[in-house]
Colleague: 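Pasting a structure here, questions to come.
Not measured: the values here are computed from a predicted model. Heads up: numbering here begins at 1 and tracks the sequence.
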Amino acid sequence: MERPRRTTMKRAEEAEENVLSGARFGLALAGLLLLAAALRYPVALNLDTSWYLHAVARFLEGARLYADLIEVNPPLFFYLAVPPIALAKWPLADAKTLFITYVFALSFVSLALSWRLLRRHGGLTGGELRGFLLVSAFVFWLLPGFDFGQREHFAIIFIWPWLLLAALRARGGAVPAASAALIGAFAFFGLAIKPYFLLVPLLIEIWLLFIRRDWRLLFRPENLVLAVMMPAYPVLVALHHPAYFDVIVPMALQVYHLGYDERTIIVLLSSLPAVVFVLLTAHALRHKWFSEELADTGGDIARVFFLAGVAFLLTYFIQHKGWSNHLFVARAVLFPALALLMWRLAPPLIGKRRQTAGATTARAPGRAWAYMGLVGLGAYVAIAMLAFAPLYEMNRSAVKSHPLFKGARSYYAFSVYLQAAFPFTNETGLRWTSRAPSFWLLPGLIVARHELARHPDPRKARRLDAIEKYIRDSLIEDLRRHKPDIIAVDMRNGKPLMGLPRFHDVPFSFLDWLKRDPRFVRIWKNYEFAGRIDGVSYDFYRRLRPARRKQ
């Protein structure tokens, strides 16, 4: 059953056209792109994305995923990142520049699909359509800040047209099957990046069934495409990368959460801005004035993006790590939902009233509420700009140019944190010699060992022994094969009450742990202490020249 449409209104479309005419829209979009490019290209990429640039380059050189390259995530993002890294082999530009350009290009594809869908089937005024596309461009280009290029950023770009299509379906909108299937296929690459993201279509489909009361709605072309592609993906992974399910997943299930599970108070505090936005939007959507103002496609877009924000916020809590990129997806979809509400508030906010076919609209909410929403939108802009380029200790210019690295060509780090290696190695040209971005299995292993000492379990002990052997064997093989010139040793882990959070205050020393293995002791004789760098939490060791090797 199709929902009733809003009473025909004489919207001030001429005024909207003046505010966002085609020419002004083009200038605004170009200005956003130039600002984003000016902020993005000179700045180093974030930790995870920098690792993927390195890993994909090695993958294209023949390294095997989950054997020569160890990663906890499934392989979809490796393949999504292949095009720009493959082009980097040609003398066109460096991998970072090509990757950033690739993200901008994908965002334009998403914007084009969204524009085509809304222009032909959306029922929005010209001003509203162009305004929504500007908001979308801001979300794609500026709102990610330092999370630009993360898997979550890709997910938002790919899912965006599907969310708009879901809003049109709420009104019984008819979209050509081919267009809907294309949007469904495009959305797959965003939803499959993380299994948690399937919560988004699940929640939205439940809402659609509730308001339309028609179970046949589930069998839409976009859903049928997803129903085929989603189950096919893990099957293809099992066939082409069996080590992921045979080796990586079992180890991750055993220990990963023990090292990366953040304290609940930190997770809650980090999520407060997004939670406030959820409450603001939920209050607005229930308000009588908004109910009348949003009884059209624009209202359904606000509702769908609000539901997606709730689902993404739930994925943030499920992952329970407190990381900014996990929260970005919620911020990204809540932003346009509240922006649409503020757009509808604009006339009453400045003292004007929309006119219906003979009567004014219902009384608008108070200006204080509107100002609160506008302040919230401004806060989002501030978050995006201020969080653009945090500097990690190993990526400071004084560290990258330090004499300690003079003449070094390869590098290794004994650390559980990616910032010990990325984007440091990408920016300096040092060759990263580990198969993994960090010792990501180690914190959970050490914490599990600590718990096992209090509650012995022979079966669990054997599983932990196997994981420890895997870590040690991988390390020894990497050191023997690549012989890194410089090795950084994270020293913070050796201080019980001041150690890194992932060890949960369990005393740990990398060198003490490694020296239990005679193979490492023999290799370590070829290294000598090279020094420390002010403001950096690592000791640096340099490989001895042949004439100075220890006997």
Colleague: Can you name the nearest heavy-atom pair linking V139 to I156, along with the distance?
Modeller: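 Smallest heavy-atom distance, with atoms named: CG1-CG2, 4.2 Å.
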Colleague: In Å, rounded to the nearest 0.5 Å, how long is the span from CD1 of I266 to OG of S271?
Modeller: 11.0 Å
Colleague: Walk me through whether F422 and T49 qualify under side-chain contact (heavy atoms from CB on, under 4.5 Å).
Modeller: CA-CA 9 Å; F422 299 99; T49 306; over 6 Å; no
Colleague: According to the interplanar angle, ranging from 0 to 90°, do the rings of W141 and F108 count as parallel (below 30°), tilted (30 to 60°) or perpendicular (above 60°)?
Modeller: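 W141 and F108: tilted rings.
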Colleague: Given L191 and W162, is the side-chain contact (heavy atoms from CB on, under 4.5 Å) satisfied, shown in steps?
Modeller: CA-CA 10 Å; L191 296 171; W162 184 90; 5.5 Å; no
Colleague: Just by distance, no angles: are the side chains of E262 and W323 close enough, under 3.5 Å, to form a donor-acceptor pair?
Modeller: no
Colleague: To the nearest 0.5 Å, how far apart are NE2 in H241 and CG in L236?
Modeller: 9.5 Å
Colleague: Without swapping roles, check the side chain of S110 against the backbone of I157 for a donor-acceptor pair under 3.5 Å.
Modeller: yes
Colleague: Mark yes or no for whether N426, through its side chain, and S50, through its backbone, hold a donor-acceptor pair below 3.5 Å.
Modeller: yes
Colleague: Is there a donor-acceptor pair under 3.5 Å between the side chain of W215 and the backbone N or O of F219?
Modeller: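 No: the side chain of W215 does not pair with the backbone of F219.
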Colleague: On a heavy-atom basis, which atom in A137 and which in L111 lie closest, and how many Å separate them?
Modeller: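 Here A137 and L111 meet closest at N-CD2, 4.1 Å.
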Colleague: Has the side chain of R40 got a donor or acceptor atom that lies under 3.5 Å from a matching backbone atom of G145?
Modeller: yes
Colleague: Can you tell me if Y417 uses its side chain to pair, donor with acceptor, with the backbone of F439 under 3.5 Å?
Modeller: no
Colleague: Roughly how far, to the nearest 0.5 Å, is the CG atom of L182 from the CG atom of L113?
Modeller: 5.5 Å
Colleague: Have D147 and H153 got a donor and an acceptor in their side chains that come within less than 3.5 Å?
Modeller: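 No, no side-chain donor-acceptor pair sits under 3.5 Å.
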Colleague: Calculate, to the nearest 0.5 Å, the distance between atoms CG and CD1 belonging to N73 and I248 respectively.
Modeller: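 One finds 10.5 Å between CG of N73 and CD1 of I248.
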Colleague: Excluding sequence neighbours, so at least two apart, what forms side-chain contact (heavy atoms from CB on, under 4.5 Å) with L27?
Modeller: none
Colleague: If only side-chain N and O atoms count, and only distance matters, is there a donor-acceptor pair under 3.5 Å linking R116 with S179?
Modeller: yes
Colleague: May I ask you to establish whether R213 and F210 are in a cation-pi arrangement, using a distance under 6.0 Å from NZ or CZ to the six-membered ring centre and at most 45° from the ring axis?
Modeller: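 Yes, a cation-pi geometry holds between R213 and F210.
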Colleague: Taking C-beta and beyond as the side chain, do I204 and L208 meet within less than 4.5 Å on heavy atoms?
Modeller: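 Yes. Closest side-chain heavy atoms under 4.5 Å.
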Colleague: In terms of relative ring orientation, are W160 and F140 parallel, tilted or perpendicular, with 30° and 60° separating the classes?
Modeller: perpendicular
Colleague: For the residue pair R58 and L69, establish whether any side-chain heavy-atom pair is separated by less than 4.5 Å.
Modeller: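 Touching, per the 4.5 Å side-chain cut-off.
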Colleague: Of all the heavy-atom pairs spanning W440 and A252, show the shortest one and how long it is.
Modeller: CZ3-CB, 4.4 Å
Colleague: Is the ring pair F78/Y66 parallel, tilted or perpendicular, if the boundaries are 30 and 60 degrees?
Modeller: perpendicular
Colleague: Check side-chain contact (heavy atoms from CB on, under 4.5 Å) between A238 and all other residues, then give those that pass, not counting sequence neighbours.
Modeller: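 Counting only residues at least two positions away or on another chain, A238 forms a side-chain contact (heavy atoms from CB on, under 4.5 Å) with F245.
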Colleague: Nearest heavy-atom pair of L226 and P231: which atoms, and what distance?
Modeller: O-CD, 4.0 Å
Colleague: Flag the pair L39 / L35 as yes when at least one side-chain heavy-atom distance between them is below 4.5 Å, and no otherwise.
Modeller: yes
Colleague: How about F146 and F328: are their ring centres within less than 6.0 Å of each other?
Modeller: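 No.
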Colleague: Would you check if L47 and P423 make a side-chain contact, meaning some heavy-atom pair closer than 4.5 Å?
Modeller: yes
Colleague: According to the interplanar angle, ranging from 0 to 90°, do the rings of F104 and Y41 count as parallel (below 30°), tilted (30 to 60°) or perpendicular (above 60°)?
Modeller: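 Correct class here is tilted.
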Colleague: CG/L29 to CZ/R24 distance, rounded to the nearest 0.5 angstrom?
Modeller: 16.0 Å
Colleague: Is a side-chain donor or acceptor of Y233 paired with a backbone partner of L76 at a separation under 3.5 angstrom?
Modeller: yes
Colleague: Are R212 and D214 close enough for a salt bridge, meaning some N to O gap below 4.0 Å?
Modeller: no
Colleague: Apply side-chain contact (heavy atoms from CB on, under 4.5 Å) to N325 and N46, showing your working.
Modeller: CA-CA 10 Å; N325 53 307; N46 59 71; over 6 Å; no
Colleague: Would you please test Y470 and I70 for side-chain contact (heavy atoms from CB on, under 4.5 Å) and show each step?
Modeller: CA-CA 11 Å; Y470 177 85; I70 305 303; 2.9 Å; yes
Colleague: Considering only heavy atoms from C-beta outward, does the side chain of F306 approach that of V278 to under 4.5 Å?
Modeller: yes
Colleague: With rounding to the nearest 0.5 angstrom, report the CG to CG distance, D300 to L163.
Modeller: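 D300 atom CG to L163 atom CG measures 13.0 Å (nearest 0.5 Å).
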Colleague: List the atom of I85, the atom of A95, and the distance in Å for their closest heavy-atom pair.
Modeller: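 Scanning both residues, the minimum pair turns out to be CD1-CB, 4.1 Å.
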Colleague: Any non-hydrogen side-chain atom of V175 less than 4.5 Å from a side-chain atom of I183?
Modeller: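 No. Closest side-chain heavy atoms not under 4.5 Å.
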Colleague: Specify the closest pair of heavy atoms between L418 and P437, including all atoms of both residues, with the distance to one decimal.
Modeller: CG-CB, 3.9 Å
Colleague: Are the charged groups of R331 and E152 less than 4.0 angstrom apart, N to O?
Modeller: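 No salt bridge links R331 with E152.
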Colleague: Would you please classify the geometry between the F154 ring and the Y102 ring as parallel, tilted or perpendicular, with 30° and 60° separating the classes?
Modeller: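 Rings of Y102 and F154: tilted, as their planes differ by 30° to 60°.
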Colleague: Backbone N or O of Q319 within a donor-acceptor pair of the Y260 side chain at under 3.5 Å?
Modeller: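 Judged by distance alone, no pair lies under 3.5 Å.
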Colleague: When you compare the side chain of L142 with that of F148, does any pair of heavy atoms fall below 4.5 Å?
Modeller: no
Colleague: Tell me if the centroids of the rings in F305 and F312 come within less than 6.0 Å of each other.
Modeller: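 Judged by ring-centre distance (under 6.0 Å), F305 and F312 do not meet the cut-off.
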Colleague: Does the side chain of K194 come within less than 4.5 Å of T315's, by heavy atoms?
Modeller: no
Colleague: I would like to know whether Y52 and F59 meet ring-ring contact (aromatic ring centres under 6.0 Å, His included); could you show each step before the answer?
Modeller: CA-CA 10 Å; Y52 276 109; F59 173 61; over 10 Å; no
Colleague: Assert yes or no for the condition that the ring centre distance of F335 to F138 is strictly below 6.0 Å.
Modeller: yes
